[in-house]
Amino acid sequence: GTRIIFSDLRDESDPKVNDMHYEGGIKSFIEHINTRRNSTTLHPEPIYFSVENENNMAEVALQYTDSYNEFILTFANNINTTEGGSHEVGFRTALTRVFNEYGKRPNILKESDKNLSGEDVREGLVAIVSVKLTDAQFEGQTKTKLGNAEMRTLVETNVYDKLLNFFEENPGVAKNIFEKALNAARAREAARKARELTRRKSALEGSSLPGKL
């Protein structure tokens, strides 16, 4: 709902006006970030949901891209909480729960597949978590980490319920996102096995056994 207009009127014959306003709030913010990062998105529209109670409000927007990196921004009362805090913990926990819960559906995760890790489900993710609360408690003097425990519960419950429902209503989008997460899990497992093989080989080569053995 905020609009900021910068007007440079030093040259009256050629005034310059910059109108800064995002009609869709943090949903538009996600689109702006992905445009700046030149990312290819896995689904056309950012996923958005919000929840509000008597004293607190939380809103979340997220979109998956073909990138291998995650990009998560969190805010508390419009302060950029660069060190995260309770709201970010709630978001990350719920995200992993949703993927592993939805993965139990037929033809998604096989019985032989291990549960997806948080790292797997966040690969390629661009997300914004913004909360507003009446009694914000920050850790440290810089106000970069939110400490309110109730915000973890509010965000976690909201993300779990609404994202799981979104996946059920949009199976095509869910499939694209799951393929990304599954590929990340397989790559992580392959890298782990390669490391173990290298360590075993190095241990054998480096052992000083007598020649006759």
Side-chain angles (χ1 to χ4, degrees), residues 1-92 94-95 121-148 150-152 154-156 158-159 162-163 166 169-170 172-173 176-177 180:
T2 301
R3 181 184 295 272
I4 300 172
I5 301 174
F6 287 103
S7 300
D8 182 353
L9 306 177
R10 289 172 297 179
D11 183 352
E12 294 183 4
S13 63
D14 183 25
K16 296 178 176 63
V17 178
N18 191 352
D19 187 348
M20 301 173 65
H21 176 67
Y22 291 99
E23 198 74 43
I26 64 171
K27 187 176 176 181
S28 293
F29 197 173
I30 289 284
E31 294 171 338
H32 172 71
I33 291 170
N34 284 329
T35 299
R36 291 288 299 272
R37 286 159 59 93
N38 293 319
S39 300
T40 301
T41 59
L42 300 186
H43 46 105
E45 290 287 328
I47 302 167
Y48 172 86
F49 29 77
S50 64
V51 62
E52 189 171 355
N53 58 26
E54 186 177 348
N55 297 313
N56 305 316
M57 187 269 273
E59 57 177 343
V60 175
L62 58 102
Q63 191 170 33
Y64 278 86
T65 72
D66 62 353
S67 170
Y68 295 107
N69 303 314
E70 63 179 87
F71 187 81
I72 300 175
L73 283 174
T74 60
F75 298 87
N77 291 349
N78 293 329
I79 296 170
N80 185 3
T81 45
T82 53
E83 293 184 73
S86 56
H87 52 338
E88 183 170 339
V89 171
F91 171 73
R92 290 172 178 264
L95 194 69
V121 304
R122 293 193 304 271
E123 183 177 291
L125 171 68
V126 177
I128 297 172
V129 180
S130 177
V131 299
K132 294 184 174 66
L133 58 166
T134 54
D135 184 25
Q137 298 167 9
F138 295 96
E139 298 179 15
Q141 295 297 317
T142 55
K143 293 187 176 182
T144 54
K145 187 174 183 179
L146 185 67
N148 297 69
E150 70 273 15
M151 297 312 297
R152 171 176 178 170
L154 183 67
V155 172
E156 185 174 341
N158 181 46
V159 171
K162 295 189 176 181
L163 186 57
F166 176 88
E169 292 179 353
N170 301 271
V173 173
N176 288 340
I177 295 173
K180 173 78 170 173

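- Taking 4.5 Å as the limit, every side-chain heavy atom of E59 sits out of range of all side-chain heavy atoms of F49.
- Using a 4.0 Å cut-off between charged side-chain N and carboxylate O, R92 and E70 make a salt bridge.
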Point to revise | side-chain contact (heavy atoms from CB on, under 4.5 Å) between F166 and V173, intermediate numbers included | key: CA-CA 9 Å; F166 176 88; V173 173; 3.9 Å; yes
**Study point:** Verdict with reasoning, K145 to T81, per side-chain contact (heavy atoms from CB on, under 4.5 Å)
**Key:** CA-CA 5 Å; K145 187 174 183 179; T81 45; over 6 Å; no
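- Under the salt bridge (charged side-chain N to carboxylate O under 4.0 Å, His left out) criterion, R36 pairs with no residue, sequence neighbours left out.
- For the atom pair CG of L73 and CZ of F71, the computed distance is 4.5 Å after rounding to the nearest 0.5 Å.
- Residue K162 qualifies as enclosed at atom NZ: its count of foreign heavy atoms under 6.0 Å is above 12.
- Of the possible polar contacts, none joining the N77 side chain to the I79 backbone as a donor-acceptor pair under 3.5 Å is found.
- Here the closest non-hydrogen pair linking G84 and T74 is CA-OG1, 3.9 Å.
- If you take CG on N53 and CG on N56, they are separated by 5.0 Å, rounding to the nearest 0.5 Å.
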Practice item. Using the side-chain contact (heavy atoms from CB on, under 4.5 Å) rule, take I5 and V17 through it: C-alpha gap first, then chi angles, then the decisive distance, then the call. Key: CA-CA 7 Å; I5 301 174; V17 178; 3.6 Å; yes
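- Side-chain contact of T82 with N80: a donor-acceptor pair under 3.5 Å is absent, judged by distance alone.
- Between the side chains of T65 and S67, not a single donor N or O lies within less than 3.5 Å of an accepting N or O.
- E31 meets the salt bridge (charged side-chain N to carboxylate O under 4.0 Å, His left out) test with no other residue; sequence neighbours excluded.
- Note: H43 and Y64 have tilted aromatic rings, judged against thresholds of 30 and 60 degrees for the angle between ring planes.
- The cationic atom of K180 (NZ for Lys, CZ for Arg) lies less than 6.0 Å from the six-membered ring centre of Y68 and within 45° of the ring axis.
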Show me the side-chain donor-acceptor pairs of residues 127-141 shorter than 3.5 Å, one per line, residues at least two apart or across chains.
unit_1, atom_1, unit_2, atom_2, d
D135, OD2, Q137, NE2, 3.4

Exercise for review: List the steps and the verdict of side-chain contact (heavy atoms from CB on, under 4.5 Å) for Q63 and K27.
Suggested key: CA-CA 9 Å; Q63 191 170 33; K27 187 176 176 181; over 6 Å; no
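- A donor-acceptor pair shorter than 3.5 Å can be found between the side chains of E83 and T144.
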